[in-house]
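What follows is a set of notes on a single structure, which appears directly below.
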Amino acid sequence: MRSYAKVVVGVPVEKAFYYALPEEMTGEVIPGVRVVVPFSGRKLTGYVVGLSREKPDVSLREIAEIVDSSPIFDGEMLKLTRWVSDYYCCPWGEALHAAFPPGVRMKKKKSFSPEELSSPPAESLSSSVTLLHHANRGGGKIEFYLQAIKQALKQGRQALVLFPEVSHFQNILNLLRFQFREKIAILHGRLLPWERYHEWLRMRSGAARVVIGTRSAVFAPLVNLGLIIVDEESNPLYKEKRTPAYHAREVALERARLWKVPLILGAQAPSLESYFQAERGKYKLMVLSPAGEKKELPEIEIADLRREFSSRRVRWALSLELRQEIEACLRRGEQTVLFISRRGAGTQKLIDEVGRLFPNARLGKAGTAYEEGTRAQRHKGTKYEETISLFRRGKIDILIGTQAVLKELGGERLSLVGIISADTILNIGNFRAAEKMFQLLTQVSNSLLGKQNGKVIIQTYNPAHYSILNVGDYPQFYREEVEFRRQLNYPPFTSLINIMIKDEEAFRRLIAILEANRDEGVEILPSKAGMRGQQIIIKGENLAGMRRVIRGELSSSRWNKAGVKVDVDPVEQ
DNA sequence: AGCACGCCGACT
DNA sequence: GTCGGCGTGCTC
């Protein structure tokens with residue numbers, strides 16, 4: 001009996017297309033392999049996503065060529081990418097692309113030892129989600145992860161461990177390499193194409209047993225997955241900004257569900273979403289306190305700028321408290337980090353002021369590695385890295401920096417962190433502002449944990465804000481924040497979809513279409529987004545219907561030039 | 001994405 | 001009369 005291949009091609013079209021198989025290809029064309037097909041006058045590479053016995057009611061053409069001698073996606077991975085395309089409103093082809101990175105994509109006709117591939121999954125592990133709420137960045141959580149990984153390996157399974165960025169791997173990588181040596185594979189965006197290809201093959205063959213990676217590694221081609229860990233699950237770097245704008249934690253949740261494997265989410269300060277699920281009993285909550293002697297939180301002092309500047313005309317960047325504390329810190333021969341939330345006009349003013357006030361201190365300024373180095377430079381070492389290195393070696397007394405320096409905190413001689421303006425974060429007009437503030441302060445104060453003179457000074461016009469007052473007490477912060485979210489009907493009580501549109505005419509057209517198909521309880525909030533065009537925010541308890549409308553609508557090519565970008569569950573950074 | 005089809009303005 | 005603008009719609 002003849003069968004027909006259902007093929008997804010890399011065009012922004014929602015549909016799959018059917019092709020006939022030439023006699024000699026029967027048995028070789030199976031779901032998950034790539035094929036070359038004739039498509040409106042040209043040849044395109046597409047993914048076979050299924051086979052059908054019935055002849056579809058269209059005139060068929062034949063598959064021209066088979067690219068892979070064994071599938072690059074198994075059935076589960078096809079389901080996962082399908083879910084990504086449904087949930088994040090992108091064509092299936094684009095979701096498949098995201099799961100199949102460039103370094104690997106160009107290679108052809110390589111066989112991935114089929115005997116490993118077809119091995120039936122062992123008895124399924126208990127599928128559950130654990131939220132590991134740990135108080136510090138110390139060994140407790142790594143120990144926990146290692147135990148879970150060992151258990152998965154003992155059952156003959158593979159473990160997938162995600163971190164928000166490469167610089168966070170090192171600690172666990174050293175420990176894992178010590179125990180498992182060549183069984184470790186690494187996957188992240190900065191690998192060279194051949195490195196990625198090499199790691200891909202090792203995962204696919206089952207030779208790699210533990211995979212450490214960043215967000216895109218959530219699609220790692222594991223043949224015998226037994227465990228997923230997402231470290232620092234609340235880190236916004238897990239959100240992809242390009243299409244499909246997936247959140248690696250959400251994809252991990254779906255993957256764990258599909259593969260029926262346990263998932264561990266780790267966080268110093270969990271995301272509202274995750275803690276909400278834990279509170280309702282959907283996730284198992286585990287709270288880890290610091291092992292050994294209890295390390296004290298640093299002293300947290302609030303510099304109330306309202307009082308500070310009410311009597312004076314000149315506005316200084318540094319409050320009296322912060323100035324005095326820097327002075328004390330310098331006297332003790334210890335280091336200070338001054339955190340600014342954005343680069344810009346305020347930065348130079350701050351640097352000048354610090355220079356004037358502390359003429360003998362050695363100053364350093366660090367933006368981000370990205371801003372201060374070109375792509376080529378980043379391999380050799382950038383100005384940013386140089387500054388950080390000087391700071392680590394104690395050659396800088398006062399370091400002024402943005403978000404990026406936060407992960408460099410924790411050196412021996414650092415004892416003071418000053419938040420120059422908490423309000424630039426609290427006033428960003430985003431419902432996650434308080435959460436972002438709390439995340440920041442948690443990270444900062446944990447990096448000074450147990451320091452004898454550890455101190456955080458927060459300069460603010462909002463000294464009574466709950467995100468500041470509750471540092472060190474996550475449950476209390478959560479209670480206040482979740483109440484705020486409930487009252488304003490924000491996640492986790494609702495979901496959001498953000499659509500950006502350049503073309504104004506298309507913007508109006510899309511609003512009309514969305515309004516016409518709007519479900520009960522769904523709000524459609526259009527607005528101007530300045531230079532970037534217009535945006536439509538869709539807000540509601542259940543957006544499944546809206547998702548369907550968006551996906552169906554955008555598959556029509558009349559939106560091609562309108563510059564439409566869909567962001568499901570947006571996370572502004 | 002590409003490409004054809006189609007219906008309006010300005011050219012040899 | 002035709003060339004070509006790009007709006008619209010289709011590709012198995």
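So you know, we letter chains A, B, ... as the sequences are listed, proteins then strands, and number each from 1.
Following rounding to the nearest Å, Asp503(A) (CG) and dC6(C) (P) show an atom-to-atom distance of 14 Å. Separating the CZ atom of Arg42(A) from the P atom of dT11(C) is a distance of 13 Å, rounded to the nearest angstrom. In this structure, Glu94(A) places its CD atom 9 Å from P of dA1(B), rounding to the nearest Å. Atom pair Tyr47(A):OH and dC12(C):C1' shows a separation of 18 Å (rounding to whole Å applied). Between Glu14(A) atom CD and dT11(C) atom P there is a gap of 16 Å when expressed in whole angstrom units. Taking atom NZ on Lys43(A) and atom P on dC3(B), their separation rounds to 15 Å, with Å as the unit.
The residue Tyr19(A) sits close only to the backbone: its heavy atoms come under 4.0 Å of sugar-phosphate atoms, none of a base. Heavy atoms of Lys15(A) sit under 4.0 angstrom from at least one base atom. In this structure, Pro56(A) reaches neither bases nor backbone, as no heavy-atom distance under 4.0 Å exists between it and the strands shown. In this structure, Val9(A) reaches neither bases nor backbone, as no heavy-atom distance under 4.0 Å exists between it and the strands shown.
The shortest side-chain heavy-atom distance between Phe219(A) and Phe100(A) does not fall under the 4.5 Å cut-off.
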Begin from the C-alpha positions of Lys241(A) and Asp567(A) and carry the test salt bridge (charged side-chain N to carboxylate O under 4.0 Å, His left out) through to its verdict.
-> CA-CA 8 Å; Lys241(A) 289 195 206 77; Asp567(A) 188 357; over 6 Å; no
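Of the side-chain N and O atoms in Arg558(A), none sit less than 4.0 angstrom from OP1 or OP2 of dG7(C).
For Arg509(A), the side-chain atoms get nearest to dT8(C) when compared with the rest of dC12(C), dA1(B), dT8(C). Closest approach to the Pro12(A) side chain among dT11(C), dC12(C), dA1(B) is made by dA1(B) (side chain taken as heavy atoms from C-beta onward).
Proximity of a side-chain donor or acceptor of Arg249(A) to a complementary backbone N or O of Glu233(A) within less than 3.5 Å is detected.
With respect to the salt-bridge test (charged N to carboxylate O, under 4.0 angstrom), the residues Glu199(A) and Arg196(A) do not qualify.
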